Amino acid sequence: MSRPQRSWRAELANHVVCLTWSPDGRWLAAVPVEGPILVFEGETGRVAAELLGHGFGNTAASWGRSPGGLATAGQDGMVRLWRGESGELLVETPGGATWMEHLDWRPDGSVLAAAGGRHVLLLGPQGEILRRLGPHPSTVSALAWEPNGESLASAGYGEMLRWRVGEDEPMARYPWTGSVLTIAWSPDRRFIATGDQDCTVHFWITKTGQSLMMSGYPTKVRQLAWDANGRWLATGGAPAVTVWDCRKSPEGTTPQSLEGHEAAVTALSYEPAGPMLASGGADGAVLFWLPGKKTRAIGELQGKVSVSQLAWAPDGSRIAIGTERGVVHVGPPEAR
């Protein structure tokens, strides 16, 4: 019999901009927009470490597989690597821009991608600078590693680029007159999806470079989440969650519309190895869904403050919820 999962609650200084779990699920780093970054014991909520914030504001964190794998960045232009569970600062590297805005570890933990301005910095696990990619046509607004770690996608306005580690020139260019806000690779690597400033979602077919554009969203699309098999893509951009079936091609198909939030969707996350989707909204609710099986929510957690972040523990046993007022709640999914 599995042990019941404990729920806990904590408060940060202000708006939660990032939640990231250690790969073993023991620790959760919670990042407020300003002030110290806290590392919690995932099961109990005990504060294990309090990390120095980044000057005028914190922007990103990513927890990789190396011993010093917790990376943080912010508006002081620095990238820091920490031994997260102890709070030991291992190295601090200037990012080469006024602020560093995006971080993503390669799946094997061997390379950290850090974006600031029009460049992407590639760092090794000891914080050593490996390469500086760019300049991009504009400020880099999103980046994401291919699930097998073979390449990195980065984008801003006008173009998305795809890079191989060890090469200075992009292996592929995806031009488009628009601004990308977020990137999400399908787990099977068939698609690179982007959420866009002009209220659209793009699917880029990796084998051919062809793009498919899905329009009709009432607002800009900042939230994307793939299920573990790469069949379903959940998207924000409205009070309803829009879910595309990508078993073949989403072109010409009608997506599912999951209605339950009373205000805009603000966060989306699929459980790591299962079919359950969590959505957070500006209405303060977190809803749980089974896209493709049911169009009504199978569970919910009600709150009063807009949800800013959702992050499942690696084993799917718990979900971390962050709000715009700095509350962090961790517990089992409320599904029934």
Side-chain angles (χ1 to χ4, degrees), residues 136-138 141-148 150-163 170-261 264-271 274-279 287 289-296:
H136 291 64
S138 65
S141 57
L143 53 79
W145 285 99
E146 189 173 0
N148 65 357
E150 287 189 4
S151 67
L152 174 74
S154 58
Y157 178 86
E159 190 172 37
M160 182 168 65
L161 303 176
R162 189 175 168 194
W163 310 83
M171 62 180 285
R173 294 178 179 270
Y174 304 92
W176 172 64
T177 305
S179 185
V180 170
L181 301 176
T182 186
I183 298 173
W185 285 81
S186 65
D188 57 14
R189 301 159 52 215
R190 291 185 301 134
F191 298 103
I192 308 173
T194 65
D196 307 317
Q197 178 79 24
D198 64 354
C199 310
T200 64
V201 169
H202 268 76
F203 291 89
W204 301 90
I205 302 172
T206 55
K207 282 189 176 180
T208 64
Q210 177 188 0
S211 72
L212 312 173
M213 186 179 75
M214 310 304 182
S215 58
Y217 291 88
T219 63
K220 63 188 72 172
V221 182
R222 295 183 178 274
Q223 303 82 26
L224 300 175
W226 287 96
D227 78 316
N229 296 319
R231 175 173 178 178
W232 304 103
L233 177 71
T235 65
V241 182
T242 300
V243 184
W244 297 92
D245 187 347
C246 301
R247 177 175 48 182
K248 294 182 180 178
S249 170
E251 188 174 26
T253 65
T254 300
Q256 297 178 51
S257 182
L258 307 180
E259 298 182 359
H261 287 288
V265 172
T266 53
L268 290 169
S269 185
Y270 263 101
E271 63 179 325
M276 192 187 303
L277 171 71
S279 64
L287 303 181
W289 313 85
L290 290 177
K293 295 182 179 180
K294 297 182 178 182
T295 56
R296 297 187 64 176

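The shown structure was predicted, so the numbers you read here are calculated from the model rather than taken from an experiment.
We find the CD1-CG distance between I192 and L224 to be 12.5 Å, quoted to the nearest 0.5 Å. From R231, atom CZ reaches atom CZ of R247 across 4.0 Å, with rounding to the nearest 0.5 Å.
The stretch residues 212-241 participates, sequence neighbours left out, in no ring pair (Phe, Tyr, Trp, His ring centres under 6.0 Å) pair at all.
With sequence neighbours left out, the side-chain hydrogen bond (donor to acceptor under 3.5 Å, both in side chains) criterion links R222 to no other residue. The salt bridge (Lys or Arg N to Asp or Glu O under 4.0 Å) search around E251 returns none, not counting sequence neighbours. Checked against side chain to side chain contact (heavy atoms under 4.5 Å, CB included), A240 has the following partners two or more places apart in sequence or in another chain: S257, E259. With sequence neighbours left out, E150 forms a side-chain hydrogen bond (donor to acceptor under 3.5 Å, both in side chains) with N148. Legend: residues meeting side chain to side chain contact (heavy atoms under 4.5 Å, CB included) with R162, ordered by chain and number and at least two apart, are E146, S151, M171, A172, Y174, W185, T206. Qualifying side-chain hydrogen bond (donor to acceptor under 3.5 Å, both in side chains) partners for W163, counting only residues two or more places apart in sequence or in other chains: S154. In this structure, P239 has no side chain to side chain contact (heavy atoms under 4.5 Å, CB included) partners at least two apart in sequence or on a different chain. In terms of the side-chain hydrogen bond (donor to acceptor under 3.5 Å, both in side chains) criterion, N229 has no residue partners (sequence neighbours excluded). In this structure D198 satisfies the salt bridge (Lys or Arg N to Asp or Glu O under 4.0 Å) test with no other residue, sequence neighbours excluded. In terms of the side chain to side chain contact (heavy atoms under 4.5 Å, CB included) criterion, residue partners of S215 (sequence neighbours excluded) are, by chain and number, T200. Y270 pairs by the ring pair (Phe, Tyr, Trp, His ring centres under 6.0 Å) definition with nothing, not counting sequence neighbours.
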* Going through the distances and angles, do W176 and S211 end up as a side-chain hydrogen bond (donor to acceptor under 3.5 Å, both in side chains)? -> CA-CA 9 Å; W176 172 64; S211 72; over 6 Å; no
* **Candidate pair L181 and V221, rule side chain to side chain contact (heavy atoms under 4.5 Å, CB included), full reasoning** => CA-CA 7 Å; L181 301 176; V221 182; over 6 Å; no
* Could you go step by step and tell me if L233 and F203 meet the side chain to side chain contact (heavy atoms under 4.5 Å, CB included) rule? -> CA-CA 10 Å; L233 177 71; F203 291 89; 3.5 Å; yes
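For the residue pair R173 and P170, the shortest heavy atom distance occurs at NH2-CG, 3.6 Å. Listed here is the closest heavy atom pair of P137 and E159: CG-OE1, 3.3 Å. Scanning both residues, T182 and A142, for their nearest heavy atoms gives CA-CB, 3.8 Å. I205 approaches F191 most closely through the heavy-atom pair CG1-CE2, 3.9 Å. Minimum heavy-atom separation, W204 to G209: CE3-O, 3.7 Å.
Two residues are said to be in side-chain contact when any heavy atoms from C-beta on lie closer than 4.5 Å; H261 and L287 meet this criterion. Side-chain contact between M160 and T194 is present, with at least one heavy-atom pair separated by less than 4.5 Å. Annotation: side chain of L258 is in contact with side chain of V243 (closest heavy-atom distance under 4.5 Å). Q256 places none of its side-chain heavy atoms less than 4.5 Å from the side chain of T242. When side chains are defined from C-beta on, T235 counts as touching V201, because their heavy atoms get closer than 4.5 Å. Under the 4.5 Å side-chain criterion, counting only non-hydrogen atoms from C-beta, D245 is not in contact with P255. Counting only heavy atoms from C-beta outward, the side chains of L268 and V241 approach each other to under 4.5 Å. Here the side chains of W289 and S279 are in contact, with some heavy-atom distance below 4.5 Å.
For R190 (side chain) and K248 (main-chain N/O), a donor-acceptor pair under 3.5 Å exists by modelled atom type. Between the side chain of S179 and the backbone N or O of Y157 there is no donor-acceptor pair closer than 3.5 Å. Judged by distance alone, the side chain of D227 and the main-chain N or O of G230 form a donor-acceptor pair under 3.5 Å. Judged by distance alone, the side chain of E271 and the main-chain N or O of M276 form a donor-acceptor pair under 3.5 Å. Remark: the backbone N or O of G237 is paired with a side-chain donor or acceptor of T219 at under 3.5 angstrom.
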